[in-house]
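Just below is one structure, and these are the notes that go with it.
For ligands, and for the atoms within them, numbers begin at 1 and follow the listed sequence. Numbers here simply count residues along the sequence, with the first being 1.
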Amino acid sequence: MGTVGREMVDMDVEELVELLNRALADEWLAYYQYWIGAQVLEGPLRGEAEAELLEHAADELRHAQMLVDRIIQLGGTPLLTPEDWYEWTNCGYEAPTDPSVRRIVEQNIEGEQCAIRTYRKLVDLTKETDPVTYEMALEIMRDEIEHEDDLEAILDDMKHT
Ligand code: FE
Ligand code: FE
Ligand code: MG
């Protein structure tokens, strides 16, 4: 983004970039948690859950791309090393040490709930100050809400099998 594009942002750009980098750390950890969870999954509804987890993993990677594009537009530097992911994350990482479908889906639901709250804060913060980041955060939040709903539907299906 050029000079005027940055001037349009009516808040501390450094603070905004920091928040976007925190969300970037979350997205990478969420991507891996979904992807590795899909590999080790065991138990009933494994096929349905595997497809959903892989789809969500792809969405998280796309979110990471959206965040990096915006960070660079704002003149910031995206996190450059995986070591930063643990240091910067809001939502953390839950290793799928119990490979049961139920446990893995529960862990990912917790992650989504944290993601929804994180993007809600970003949406509120940017609503009046940076319409471009606002639109991006809203789009991602919409996806995270759908993710939580999809995962809860899997738990619900398990009750009826
Ligand atoms: Fe995401
Ligand atoms: Fe998600
Ligand atoms: Mg889905």
Inset, instruction - Establish whether Val13 and Val132 are linked, either directly or via other cluster members, by ILVMFWY side-chain heavy-atom contacts under 4.5 Å. - result: no

Inset, instruction - May I ask you to check whether Asp59 brings an N, O or S atom to under 2.8 Å from the Fe ion (ligand 1)? - result: no

Legend entry - Between Gln33 and Glu94: side-chain donor-acceptor atoms closer than 3.5 Å: no

Legend entry - salt bridge (Lys or Arg N to Asp or Glu O under 4.0 Å) assessment of Arg120 paired with Asp124: CA-CA 6 Å; Arg120 176 59 202 256; Asp124 289 346; 3.1 Å; yes

Legend entry - Atom name of the N, O or S atom in Glu144 that lies nearest to the Fe ion (ligand 1): OE2

Inset, instruction - For the Fe ion (ligand 1), decide whether Asp143 has an N, O or S atom at a distance under 2.8 Å. - result: no

Legend entry - Side-chain donor/acceptor of Asn21 to backbone N/O of Thr77, under 3.5 Å: yes

Inset, instruction - Of all N, O or S atoms in His63, identify the one at the shortest distance from the Fe ion (ligand 1). - result: ND1

Legend entry - Cationic N near anionic O, under 4.0 Å, Glu139 to Arg142: no

Legend entry - N, O or S of His147 under 2.8 Å from the Fe ion (ligand 2): yes

Legend entry - From CA spacing to verdict: side chain to side chain contact (heavy atoms under 4.5 Å, CB included), Asp130, Arg70: CA-CA 11 Å; Asp130 179 4; Arg70 188 62 185 145; 3.0 Å; yes

Inset, instruction - Answer yes or no for Glu60: is there an N/O/S atom below the 2.8 Å cut-off from the Fe ion (ligand 2)? - result: yes

Inset, instruction - Could you check whether the rings of His56 and His147 sit parallel, tilted or perpendicular, using 30° and 60° as the cut-offs? - result: parallel

Legend entry - Any donor-acceptor N or O pair under 3.5 Å, side chains Asp69, Gln65: yes

Legend entry - Neighbouring protein N, O or S atoms of the Mg ion (ligand 3) [cut-off: under 2.8 Å, no waters]: Glu52 OE2, His56 NE2, Asp150 OD2

Legend entry - Ring geometry between Trp35 and Tyr31 (parallel below 30°, tilted from 30 to 60°, perpendicular above 60°): parallel

